[in-house]
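Lettering follows sequence order; numbering is per chain, from 1. Fair warning: this is a prediction, and the values are worked out from it, not measured in the lab.
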There are 2 protein chains.
Amino acid sequence: MALKNKSMYAILGILHIGPGTGYDIKKYCDTVLPGIWNENFGHIYPTLRMLTEQGLIETIDEENTTGKIRYRITARGQEELDGWLTDPPQPQPVRSEFFLKFLFASDQPKEKILGMLREYQEYHEARLATYRAMEASLDAGISGVTAKREVFLRAVLRSGMIGCEGMIRWCDETSAAIGAL
Amino acid sequence: MALKNKSMYAILGILHIGPGTGYDIKKYCDTVLPGIWNENFGHIYPTLRMLTEQGLIETIDEENTTGKIRYRITARGQEELDGWLTDPPQPQPVRSEFFLKFLFASDQPKEKILGMLREYQEYHEARLATYRAMEASLDAGISGVTAKREVFLRAVLRSGMIGCEGMIRWCDETSAAIGAL
DNA sequence: GGTTTCATGTAACATGTTACATGATTCT
DNA sequence: AGAATCATGTAACATGTTACATGAAACC
């Protein structure tokens, strides 16, 4: 009875912000949700069909000249979304390839380990730069979001920045510790 | 030819630290690798068989009274592991249920949102406490790891702590911002 | 006229989790 | 004697990714 997977809620949530096509949903994940959520077409289209069958979303038929199919959330879909929002998020299993490699690298040459740390640091510096750019575009007021939702978007950006800053600092600390070995 | 999945390397890496059974590998993931890597039996046993077939690990036969099967890494397995360690880790797709909910919660009552943040903060405080406990047990010198590997374990613990501290700070900041709405 | 972006969808494949079945050993 | 932990393994299921096929519309 209950929805099986998280993807269904992700799609329901995206459609609650505004109606759109499967393609729009993918776009939304890639542009506003990177680092938070990802979906691929192989998942989106079957899920849209399931959600429609369950009456949680519906198609908008509008002088359908092209092959586009726009969906919007239904009242029942909104209810289902609100219920999910109330459930505490379950801690998800983590799999960090970097830390796994790092832990197993203790017998590798020091230079190799320092190189791994440098790359990891550069990766986070690049991410931090893109977060800052996103923040700047919010500052410039070119996004079409409401003031309230902007507070939430900024908060999510801040969390990404805090994470990156922490990892950059960690790389510094750790490089120093490894260098001293 | 090349190994398909990350689990194979995780298992290879764990066995490179020391020989063990499938059960030991699961234990290792649950105790020293939580927050970094997880495996389940349904994956471990078939993978051990594949790794054996590929000659990357081998069984240790020792007066096998019980049903235990202990594995150790082979020279070829060590080579394969070293090669993987040299490849840069690929950025993994992220899916954070909490942030997804948080972003979709902007239309929910303020109290509900503050509650979500409070729970998220408590969760990170609890994790921080376990990391500190793990650090204390390293300080006490009761772990049987080498001095060098201990440096790496401490570094991984530090990264977990930095992450938790960052998220706790973020919850404070964000609760204040939401409260002011 | 050609390239990029928009748009939908399926099939095959890869990966990961849960539940179950079984039994030995160790601890209380 | 009973409970907890150790130990191996399979089958069914759930989830997620990639490659492919197709074509319209927008841009240059």
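- Considering only side-chain N and O atoms, A/N40 lies under 4.0 angstrom from the phosphate OP1 or OP2 of D/dT17.
- Rounded to whole angstrom, the span from the CD1 atom of A/I69 across to the C1' atom of C/dA7 amounts to 9 Å.
- Closest to the A/P46 side chain, of the nucleotides C/dT10, D/dT17, C/dA7, is C/dT10.
- Counting to the nearest Å, the C1' atom of C/dT8 and the OH atom of A/Y71 are 9 Å from each other.
- Rounded to a whole Å, the NE2 atom of A/H43 is 14 Å from the C1' atom of C/dG9.
- In this entry the distance linking CZ of B/F41 with P of D/dA7 reads 9 Å, nearest Å.
- The phosphate of C/dG16 (OP1 or OP2) has a side-chain N or O of B/S7 nearer than 4.0 angstrom.
- Going from atom CE of B/M8 over to atom P of C/dA14 covers 11 Å, rounded to whole Å.
- Residue A/K27 has its side chain nearest to C/dC6 when only C/dC6, C/dA7, D/dG16 are considered.
- Side chain of A/K148 to main chain of B/D107: no donor-acceptor pair is present (N/O by atom type, distance under 3.5 Å, no hydrogens or angles).
- If you measure from atom CD of A/E39 to atom P of D/dT17, you get 8 Å, rounded to the nearest angstrom.
- Taking the six-membered ring where the residue is Trp, B/F104 and A/W84 present tilted rings, their angle falling between 30° and 60°.
- Annotation: of the two residues near DNA chain D, B/Y45 and B/R95, the 5′-most nearest-nucleotide partner is B/Y45.
- Proximity of A/N38 to the phosphate of D/dT17: a side-chain N or O atom is located under 4.0 Å from OP1 or OP2.
- The side chain of A/R70 places no N or O atom within less than 4.0 Å of a non-bridging phosphate oxygen (OP1 or OP2) of C/dA7.
- Between A/Y23 atom OH and D/dA26 atom P there is a gap of 14 Å when expressed in whole angstrom units.
- No salt bridge links A/R169 with A/E165; every basic N to acidic carboxylate O contact stays at or beyond 4.0 Å.
- Using modelled atom types and a 3.5 Å distance limit, the side chains of B/R149 and A/S106 yield a donor-acceptor pair.
- Side-chain atoms of A/W37 never come within 3.5 Å of backbone atoms of B/E97 as a donor-acceptor pair (strictly under, hydrogens ignored).
- Applying the salt bridge (Lys or Arg N to Asp or Glu O under 4.0 Å) rule to A/E173 yields the partners B/R158; only residues at least two apart in sequence or on another chain are considered.
- The C1' atoms of five pairs define one axis at each end of the helix from C/dG1-D/dC28 to C/dT28-D/dA1, and these two axes lie 40° apart (to 10°).
- Between the P atom of C/dT18 and the CD1 atom of B/I44 lies a distance of 14 Å, rounded to the nearest Å.
- Note on B/G42: a base of the nucleic acid sits closer than 4.0 angstrom, heavy atoms only.
- Proximity note for A/T21 (side chain, C-beta onward) versus D/dC6, C/dA7, D/dT8: the nearest is C/dA7.
- Using a 4.0 Å cut-off between charged nitrogen and carboxylate oxygen, A/E39 and B/R95 count as a salt-bridge pair.
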